[in-house]
Amino acid sequence: MTLEAEKLMNVPTIPAPATALPPASSEVHVRNMDQYKALYEQSINDPETFFGEQSKALSWDRDFDKVLYHVGNNFSDSPAWFVGGKLNASYNCVDRWALQTPNKVAIIYEGDDAEKGYSITYSELLVRVCQMAQLLQSKGVKVGDVVTIYLPMTPEAVISMLAVARIGAIHSCIFAGFSPGAIKDRVIDSNSHVVITCDKGYRATKVIQTKKIVDEALESCPDVKTVVVINRDPSSPFPQNPERDVIYPDAAASFKSYCAPVPVDSEHPLFLLYTSGSTGKPKGMQHCTAGYLLGALLTTRHIFGVTPDDTLFTSGDIGWITGHTYAVYGPLANGATTVIFESTPVYPTPTRYWDIVDRHKVTQFYTAPTALRLLRQYGHEIIDKYDLSSLRALGSVGEPIAEEIWEWYFNYVGRGRCTVCDTYWLTESGSHLVSSIPGVTPMKPGSAGLPFFGIKPAIVDPVSGHEITERPAEGVFAISQPWPSMARSIFNDYARYQDTYLKPYPGFFFTGDGASIDSEGYIFIGGRMDDVVNVSGHRLSTAEVESSVLDATMDGESMMTECAVVGVDDEITGQALVVFAVCEPWLKDDIASGKKIPQDISIETILIVRKEIGPFAAPRKVYLVDDLPKTRSGKILRRVLRKIVAGEEKQLGELSTLSDPSVVPALIDAVKNQK
Ligand code: WT7
């Protein structure tokens with residue numbers, strides 16, 4: 001056990017506030033620790049009975065024949081859930097509520113301009129989903145086709161996702177902060193022939209030319225034959241391509257207000273979501289219909305304690321998994337109301353979140369520590385004047401939440417009445433893996449808490465690959481049993497899926513994170529063990545950023561011979577990217593002769609990454625260096641670079657493997673001189 005882990009685990013236990021429990025009338029919710037324990041035991045020892053029972057929360061077109069089926073054991077032979085069953089995700093999220101409670105609000109939209117919000121009821125949502133679904137069908141979209149969605153946080157993003165699901169197609173949402181280069185790669189990899197986007201996006205008064213970005217990306221995507229453009233501002237023009245573009249809502253208005261959903265097999269893919277891995281090529285994580293939807297429904301119900309009378313506000317974007325599961329599928333599959341928020345937490349004032357919670361009587365609020373760190377700087381006095389008494393659960397996701405931020409959230413936002421759900425999960429898991437349950441589980445600030453039903457955690461020794469069963473323990477965080485919402489594949493690359501998740505520790509699903517577990521089973525997440533950096537809760541692979549630096553050109557010539565990207569601590573964003581790059585000889589000559597200024601080259605490199613990947617991936621700093629610290633076999637020792645940036649030159653650790661130790665003082669100088 002490292003000292004760090006021991007310190008982390010030595011935190012006080014905070015009792016579960018009873019005020020965080022869902023209303024007593026909602027029978028489906030877990031109400032106490034004994035019940036949680038009994039259900040958890042059953043979910044692990046007899047997952048078929050447990051999930052068979054829980055699956056009744058979904059509406060099925062055909063009942064399944066078997067809850068869990070796998071050839072061989074565990075993960076090795078692609079487990080399948082609810083085999084033989086048929087269902088439709090949009091039916092589950094829209095129709096059944098439109099039939100039962102047509103006038104209930106499904107979506108509350110909060111725009112960048114706080115005055116421009118509006119709501120959509122379940123019956124209105126059904127019409128809009130049906131019309132969009134028929135529009136897509138009229139453009140040739142069939143069962144199993146992938147449709148790319150590049151939209152900001154708008155009701156149309158939700159409508160598009162559900163419309164794609166309604167006709168058995170597969171959506172692939174791309175975060176609307178990605179640049180043309182990243183969009184192009186994802187459109188091509190997913191073999192999308194149809195893209196849904198909009199004319200413009202709005203962010204803190206800034207107008208984003210969304211359509212222009214998509215047009216640029218599609219210049220290199222000849223297979224895209226249709227672009228559905230949500231026309232958000234009919235009063236101002238946007239670039240159009242009459243042969244390819246279809247304008248919404250006009251084009252959808254002529255379709256009937258109802259079309260039947262297409263039932264699909266349980267394992268039929270529902271969506272792809274690209275995420276970064278340890279190589280430069282983004283992975284299209286493939287989620288299936290029944291298992292994913294059930295995971296979204298159950299975690300929203302049991303972890304957030306959502307009832308159909310609740311309003312859940314997830315600030316995460318639909319371009320990431322948090323938005324998929326907790327802004328769209330989770331709340332709607334439970335028949336609740338979801339808040340879709342397009343702006344930033346500080347626009348027009350840093351009270352935007354609290355104002356939304358107050359006005360809409362939000363019951364569950366879900367955000368990331370990076371936003372909380374930002375908001376805490378404005379002091380708690382500005383929160384105090386809002387009525388936040390509707391809240392029961394306060395969610396946090398994306399990175400560990402430090403104790404002081406946890407306490408601020410608990411005391412000033414939750415006023416001691418709410419449970420802080422530090423939800424640990426990942427794109428691959430589809431839904432929460434570990435979290436506290438409101439009003440049920442005692443909390444330990446800094447710990448994500450206890451595992452959700454069906455999640456059997458394992459702490460694995462990174463060297464031997466064996467599970468460490470003593471408690472407390474520290475090691476690699478893995479999962480030792482299949483769970484319904486786990487990603488089924490990487491799109492078109494099952495071998496890479498196996499290599500990344502199943503082969504590193506045979507018999508386990510490898511999360512990529514390190515963790516420790518205390519004697520009561522509370523899990524403390526350490527952080528990524530691969531070259532993945534977490535910037536503002538966005539997962540970025542250092543390899544992806546490196547490859548865009550290596551592709552950078554100036555005056556038509558390649559700029560860098562080699563580079564290394566590392567993540568360093570950042571007060572607001574959690575981590576930030578720092579690049580170490582070695583210039584090509586011609587550029588070195590130009591610098592030596594004074595023709596080029598190093599600072600300009602650094603800035604140019606930052607701009608290139610911004611343009612290639614997206615503004616959120618912009619490195620904080622690019623250091624130009626003569627050489628990188630490498631082992632004799634040529635592997636870059638990134639840990640040395642991380643320590644140097646952090647100013648911890650005295651703790652560089654073992655350096656005997658370096659092929660040329662003299663690079664170290666040169667790097668230290670470079671960092672000092674290029675402030
Ligand atoms: C990685 C997954 C899951 C939605 C958001 C990010 C880190 C996530 C926590 C948490 C500590 C966390 C992990 C994980 N992470 N939640 N509560 N405590 N770390 O999804 O982009 O797939 O990133 O985020 O490192 O592996 P993602």
Side-chain angles (χ1 to χ4, degrees), residues 5 8 173-175 177-178 272-278 282-285 287 292 295-296 299-300 303-304 314-330 366-372 394-403 405-406 409 419-436 443-452 455 457 476-479 485-487 490 500-501 504 509-517 522-541 544 567 573-575 616-617:
L8 198 68
C173 293
I174 302 177
F175 173 56
F178 273 114
L272 310 181
L273 186 56
Y274 282 85
T275 184
S276 299
S278 28
K283 305 178 277 196
M285 295 313 307
H287 279 285
Y292 168 80
T299 49
T300 304
I303 289 183
F304 285 146
T314 292
S315 74
D317 197 281
I318 52 118
W320 310 108
I321 193 73
T322 308
H324 280 65
T325 309
Y326 299 105
V328 182
Y329 288 109
Y366 195 21
T367 194
T370 180
L372 299 174
L394 299 174
S396 169
V397 63
E399 55 180 310
I401 174 166
E403 209 181 324
I405 305 292
W406 192 103
Y409 202 20
T419 282
V420 172
C421 300
D422 174 5
T423 62
Y424 166 73
W425 57 301
L426 44 155
T427 305
E428 292 82 341
S429 72
S431 57
H432 298 152
L433 293 171
V434 181
S435 171
S436 292
M443 300 166 275
K444 299 192 185 188
S447 164
L450 300 171
F452 184 61
I455 304 303
V476 165
F477 192 69
I479 300 165
S485 70
M486 61 188 275
I490 290 172
T500 314
Y501 305 107
F509 186 97
F510 176 44
T511 60
D513 290 296
S516 26
I517 188 163
Y522 277 71
I523 294 158
F524 295 76
I525 302 297
R528 301 287 309 186
M529 306 193 74
D530 48 13
D531 292 320
V532 168
V533 179
N534 191 324
V535 180
S536 299
H538 297 155
R539 202 206 288 195
L540 285 166
S541 92
E544 200 176 349
T573 59
Q575 283 189 297
F616 66 96

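Each ligand, and each atom within it, is numbered from 1 in the order the structure gives.
- Taking A515 as the reference, I459, F477, I523, I525 meet the side-chain contact (heavy atoms from CB on, under 4.5 Å) condition, with sequence neighbours excluded.
- Taking the six-membered ring for Trp, F616 and F178 have ring centres closer than 6.0 Å.
- By the 4.0 Å N-to-carboxylate-O rule, E428 lies close enough to R539 to be salt-bridged with it.
- For the side-chain contact (heavy atoms from CB on, under 4.5 Å) test, residues two or more places apart in sequence or in another chain that qualify with F510 are V476, P504, Y505.
- Contact residues for ligand 1 (protein heavy atom closer than 4.0 angstrom to any ligand atom): I321, T322, V397, G398, E399, P400, D422, T423, Y424, W425, L426, T427, D513, I525, R528, N534, R539.
- When ring centroids are compared, H324 and Y292 stay outside the 6.0 Å threshold.
- The side-chain hydrogen bond (donor to acceptor under 3.5 Å, both in side chains) test applied to T419 returns no partner, not counting sequence neighbours.
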